[in-house]
Amino acid sequence: MSTARDFDCQVTYVEQVLPGVVKVAFDCSGISSSAAPGQFVQIEPSADVFPVTRRPITINRLTGSGFELLFDVVGRGTELMARMQPGDIARVLGPLGSGWKIPLQSNCLLIGGGLGAAGFQFLIDSVDSARVLIGASGLERVIPFGACHVVTEDGSVGEKGLVTSLVTEKYLAEADVIAVCGPVAMMEAVWGVIPEKYRGKVQISTESRMGCGWGVCDGCSIPMLEGGYRKCCTEGPVFYGTEIDWKRWKEAGL
Amino acid sequence: MSTARDFDCQVTYVEQVLPGVVKVAFDCSGISSSAAPGQFVQIEPSADVFPVTRRPITINRLTGSGFELLFDVVGRGTELMARMQPGDIARVLGPLGSGWKIPLQSNCLLIGGGLGAAGFQFLIDSVDSARVLIGASGLERVIPFGACHVVTEDGSVGEKGLVTSLVTEKYLAEADVIAVCGPVAMMEAVWGVIPEKYRGKVQISTESRMGCGWGVCDGCSIPMLEGGYRKCCTEGPVFYGTEIDWKRWKEAGL
Amino acid sequence: MSFPPSVSRNFWGRDFDSPIMLASGTSGFGEELLDLQCLAGVGAVVTKAVSFQPRAGNPPPRLLETPFGLLNSIGLANPGVHHVLKHILPVAAGLPCPLLINVAGESVEEFADVVRVLEKSSAHIGYEINVSCPNVADGGAAFGVDPEVVLQVSRGVSRVTNRPFSVKLTPNGGDMVLSAKAAVKGGASAVTVCNTFLGMHMDWKTGKSVIKRKVAGYTSPALLPLVVARVWQVANAVSVPVISSGGVSTGEDVLQLLAAGATMVQVGTRLMRRPFAAAELMDEMKKLAGE
Amino acid sequence: MSFPPSVSRNFWGRDFDSPIMLASGTSGFGEELLDLQCLAGVGAVVTKAVSFQPRAGNPPPRLLETPFGLLNSIGLANPGVHHVLKHILPVAAGLPCPLLINVAGESVEEFADVVRVLEKSSAHIGYEINVSCPNVADGGAAFGVDPEVVLQVSRGVSRVTNRPFSVKLTPNGGDMVLSAKAAVKGGASAVTVCNTFLGMHMDWKTGKSVIKRKVAGYTSPALLPLVVARVWQVANAVSVPVISSGGVSTGEDVLQLLAAGATMVQVGTRLMRRPFAAAELMDEMKKLAGE
Ligand SMILES: Cc1cc2nc3c(=O)[nH]c(=O)nc-3n(C[C@H](O)[C@H](O)[C@H](O)COP(=O)(O)OP(=O)(O)OC[C@H]3O[C@@H](n4cnc5c(N)ncnc54)[C@H](O)[C@@H]3O)c2cc1C
Ligand SMILES: Cc1cc2nc3c(=O)[nH]c(=O)nc-3n(C[C@H](O)[C@H](O)[C@H](O)COP(=O)(O)OP(=O)(O)OC[C@H]3O[C@@H](n4cnc5c(N)ncnc54)[C@H](O)[C@@H]3O)c2cc1C
Ligand SMILES: Cc1cc2nc3c(=O)[nH]c(=O)nc-3n(C[C@H](O)[C@H](O)[C@H](O)COP(=O)(O)O)c2cc1C
Ligand SMILES: Cc1cc2nc3c(=O)[nH]c(=O)nc-3n(C[C@H](O)[C@H](O)[C@H](O)COP(=O)(O)O)c2cc1C
Ligand code: FES
Ligand code: FES
């Protein structure tokens, strides 16, 4: 049974983290008290009737009595969200989705691509130890985490290269859980370099265009290897990499 | 040939004249230099794609380098317009329509109902002498003019009564032009009390829901006694009372 | 009818406090509604479409939002009637309001076949027969565009059930009034006006549609006047109740549809923004009635 | 076709710098366009409908704005073909761009009768035959819903003129692809997709429609996906050019319609807000192409 409820949340602070990347914090103990890492919320970008759907955003981090969202401004919805000001009220449904399957006292390897790493902070805050590998196109796409290994495509931060170059057999072997989040192409590349024997530990945070976000519209299907689809919003967004039909998923585009 | 053009006009001041009645002044010599009393403009209530048509408003008065609009807040369009602030830019098409047919040095009798008198100031400013009769429901619907006779339905200003009670044979006889503007029912009542021999002098400022405002959509038809319709926006809004088919016009509602 | 219309309705012999039905495909099978506790103000729930065989549905992306609406290409994904009967309806039976089951078919016979299986359940009060599905035998045109086919489907269903059913018509071709009359002639106890309007979004840079099936179902609050017109036309032509479907985003929209002749009013896409839309619409209507 | 589509078009053997046509009924007969000098960016102008006899049009109110669109019930008001020929076309001949005359009829024969009279003018390059008019002999259903009738209308017109003509189809019933094919079979050199969707606004307090004819033509920028889908379907089914009509409010909308297969793109309702819409749309498209 889901604990999701629909809340009127007050914006407590807004911060431009990187160019075109905004962090908005909300006061909402209803969500923060029940959320788990990897879960997301459905937020109304504005009070206007358009857009007709909400926007799904991963819970980046919990604050004392609320949570932070960190997002890329890519279209109308996120543009409207970026205009939010402290004191504004937004309607937020959450927490939604399944989250990472993290055993207690686990040792995590986190592999993130660009803004895909947005939700890692919550995960890092929740586990005993986390090794974080981040790949980004360049300086302006690197979300700051405490301790992490970073590579960039243009070499502006860390070594020049792709995040796959940071993935070592040692890291894979040591991890209880391997959590991957980022653009589909990046996640596919990471999946590609992970040897068969470690794949069972790999969890993938998927994305899909969403209608409802709470399981009723069947609009957010992720193709599964066993055939058919599963719902990103309620059965995901986190799936085991072994469950996903990578080929059909890539064909979907987004 | 029309002199109407489409201008980006800056709002110079905004004033709440009466409860729910707003005056907005615009800087626009293009319109003020060519406008005549009784003409109107088509204004965009907001930059948003909705509403899909503009709003027609009579030019209330000319200022040095621009003009004033005075309007009742009755729906979405006028609500948006009431939110305009000095410095804002609005798209305004004008001047539009035929205006009052006023011979030089004419002696005018102006009969207005409530906000319908909004356009009279421009007319008063343009003629040699004007006698102004105003009827309104009460205090909160009386637009202030220099000198005028006022009656109200509730007796809160002037005598208690309808504007028709102010219309005397003497006034009608003395006037070269009789200009009537107000709600349809009020104009019909005024028309009703004017004896046949003075009716030829009576001009009526009509209203209609408008699409374009510049003659292309045929949406603003006013029923004519000769049969058929004439366009409120280009052939009107001012018509001789003798031209209008009052019965069919009343049936239209608005 | 009296105006303004009352929100209390009598439909299929039952009294409803609310005219609002949650539209097929936008409320799953009811399980999530129970979870989220968003059933206040809901008169009835319509399940997503049920077909005989399980259907995986269309490849993603299945949704695409346009500036003023939503395109959907779900493809009637559902686990098939036997699974629904065994595993889903027992849960849906816990809903505090009446349930209608939306039925899909690829042939005239399939509709009746699905209904025949569902007759074993007592979770639902009736059916909504979705004749907007593509008729495979007829090259994929919707059943609903041909009154003759609508008559056959409706007759087929009325032969296998005594429960009331509504036929959900399509606005994409044909004459809805003729199809409505055919549905009633075949035994339908209501008609739903109507399913989604065909729509498409073109990526002009590539000349491709983002949605793989190219055309999709389009919904938008801006379509309300289209639905009001069609409800009014059909309500004036048939004697059974008309259920409206489409375009609702405010309480005033619901009142317009009731005034146009709808007995019940479905809300779908609005649930994507507002899971509690039914309660909100009821509140808005109460405020308007008090004016 | 190449993508993104070029804004320069070849239509009816002529080169056009702009794909934009001003839609019938939203630009009068061109006189006001000359007055307001709003012809920049206009590829061609379509006149309002011309019938054989003068038509006073529908009683007011003829327009009603809804939250997201516009209902119109103009009723094909026009002074009749003889007046148009003698007094209006000589003025319209001064337009700096090609002119199409939109032709209305109440019977199959009337369309050809109107065209026969107009043949005496050289102000226009061709016609747009409005088969969305109610067919009086057929109880008032639009000519356009019956492919057989469309064929007759189209044949009738092609017998009396050598100029090219487009048949403007209706989305309110029937099968637009079949009607398009019938139009082409009858000799049409283009099809226009499509006329307005039937819509209605109900005053729920009284149960009356503000518009006396009850149902009206509804236009809205939110209808774009409906028009894109229908343009795409028809363009894939006929070999003549498709002129789109409906839903345009941005340059991106025009590009979508061109990518969906339109050769020319009409803009109508947008002119109510923006008389200079054609120039603005062209600017927006140039900016998008430069990206
Ligand atoms: C479970 C989930 C969690 C997410 N968490 C985050 C997050 O923490 N931070 C963040 O920046 N983004 C996140 N996203 C993506 C985010 O939802 C989209 O970027 C956003 O919805 C775009 O809205 P828009 O109106 O600005 O863009 P639109 O104008 O709708 O679209 C712009 C482009 O964004 C892409 N897009 C649109 N919708 C989605 C979607 N639902 N998922 C993925 N891509 C989409 C499309 O390619 C589209 O072309 C998440 C998505 C999901 C499904
Ligand atoms: C030539 C002309 C000049 C006008 N001058 C003035 C003026 O100086 N001051 C002023 O306050 N109003 C004037 N009006 C009326 C004004 O245009 C309307 O009040 C306005 O368009 C309503 O817009 P809305 O969006 O606020 O209301 P809506 O939500 O569109 O409608 C609210 C109500 O207003 C009425 N209405 C809507 N449109 C019109 C219309 N075009 N004409 C008359 N009534 C309408 C209807 O009864 C409707 O129910 C004039 C109208 C015309 C045609
Ligand atoms: C995501 C989605 C899925 C739908 N699935 C179905 C379905 O399975 N069966 C059906 O008859 N209608 C289906 N519909 C149509 C709705 O039931 C409804 O008729 C339509 O959305 C119009 O209502 P609205 O404007 O309130 O959304 C679906 C609509 C949407 C948006
Ligand atoms: C006020 C108005 C009048 C119209 N008159 C006609 C007409 O006389 N003949 C015709 O074929 N279409 C007529 N139409 C339809 C338009 O030509 C056009 O097809 C329709 O408005 C869709 O385009 P839009 O969405 O850009 O407005 C009219 C539309 C409007 C809004
Ligand atoms: S977004 Fe609706 S089911 Fe997942
Ligand atoms: S408002 Fe368009 S012709 Fe008058």
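Every chain is numbered from 1 and lettered A, B, ... according to where its sequence line falls, protein lines coming before strand lines.
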Measure distances from [X] to the heavy atoms of chain B and classify the residue's part below 4.5 Å as side chain, backbone, both or neither.
X	value
D:Asn78	neither
D:Ser249	side chain
D:Thr66	backbone
D:Phe276	side chain

Please name the pair of heavy atoms, one in [X] and one in [Y], separated by the smallest distance, quoted to 0.1 Å.
X	Y	result
D:Phe68	B:Phe50	O-CE2, 3.3 Å
B:Asp218	D:Ala77	OD2-CB, 3.8 Å
B:Gly228	D:Ala56	CA-CB, 4.3 Å
D:Pro275	B:Asp6	CD-OD2, 4.1 Å
D:Met272	B:Gly211	SD-C, 3.5 Å

Looking only at heavy atoms, which of residues 39-55 of chain D get nearer than 4.5 Å to chain B?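 Within residues 39-55 of chain D, the residues that come under 4.5 Å of chain B (heavy atoms only) are D:Lys48.
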Would you say that [X] contacts [Y] through its side chain, given a criterion of any heavy-atom pair below 4.5 Å between the two side chains?
X	Y	result
B:Val216	D:Leu22	no
B:Arg209	D:Glu65	no
B:Val52	D:Arg270	no

For [X], is it the side chain, the backbone, both, or neither that has a heavy atom closer than 4.5 Å to a heavy atom of chain D?
X	answer
B:Arg230	neither
B:Pro51	both
B:Arg91	side chain
B:Ile222	neither
B:Asp245	neither
B:Arg76	side chain

Within 45° of the ring axis of B:Tyr229 and under 6.0 Å from its six-membered ring centre, is that where the NZ or CZ of D:Arg62 lies?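 Positive - D:Arg62 is close enough to the ring of B:Tyr229 and near enough to its axis.
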Heavy-atom count check: over 12 atoms from other residues, nucleotides or ligands less than 6.0 Å from [X] [atom1]?
X	atom1	answer
B:Lys23	NZ	yes
D:Glu280	CD	yes
D:Arg213	CZ	no
B:Lys101	NZ	yes

Of the listed residues (B:Cys217, B:Gly227, B:Gly77), which shares the most heavy-atom pairs with chain D below a 4.5 Å separation?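 Highest number of pairs under 4.5 Å: B:Cys217.
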Top of B:Cys212, B:Gly219, B:Ala4 for chain D proximity - count of heavy-atom pairs under 4.5 angstrom: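 Answer, by heavy-atom pair count under 4.5 Å with chain D: B:Gly219.
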Heavy-atom pairs under 4.5 Å with chain B, option from D:Gly69, D:Ser220, D:Gly75, D:Pro67 with the top count: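 Among the listed options, the one with the most contacts to chain B is D:Pro67.
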Mark yes or no for whether D:Arg273, through its side chain, and B:Thr53, through its backbone, hold a donor-acceptor pair below 3.5 Å.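 No; judged by distance alone, with no hydrogens or angles, the pair does not exist.
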CZ/D:Arg274 to CG/B:Leu93 distance, rounded to the nearest 0.5 angstrom?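 Reported value, rounded in 0.5 Å steps: 10.5 Å.
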Please name the residue in the list B:Cys220, B:Ser208, B:Ser221 that meets the side chain to side chain contact (heavy atoms under 4.5 Å, CB included) test with D:Pro60.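 Single pass found, and it is B:Ser221.
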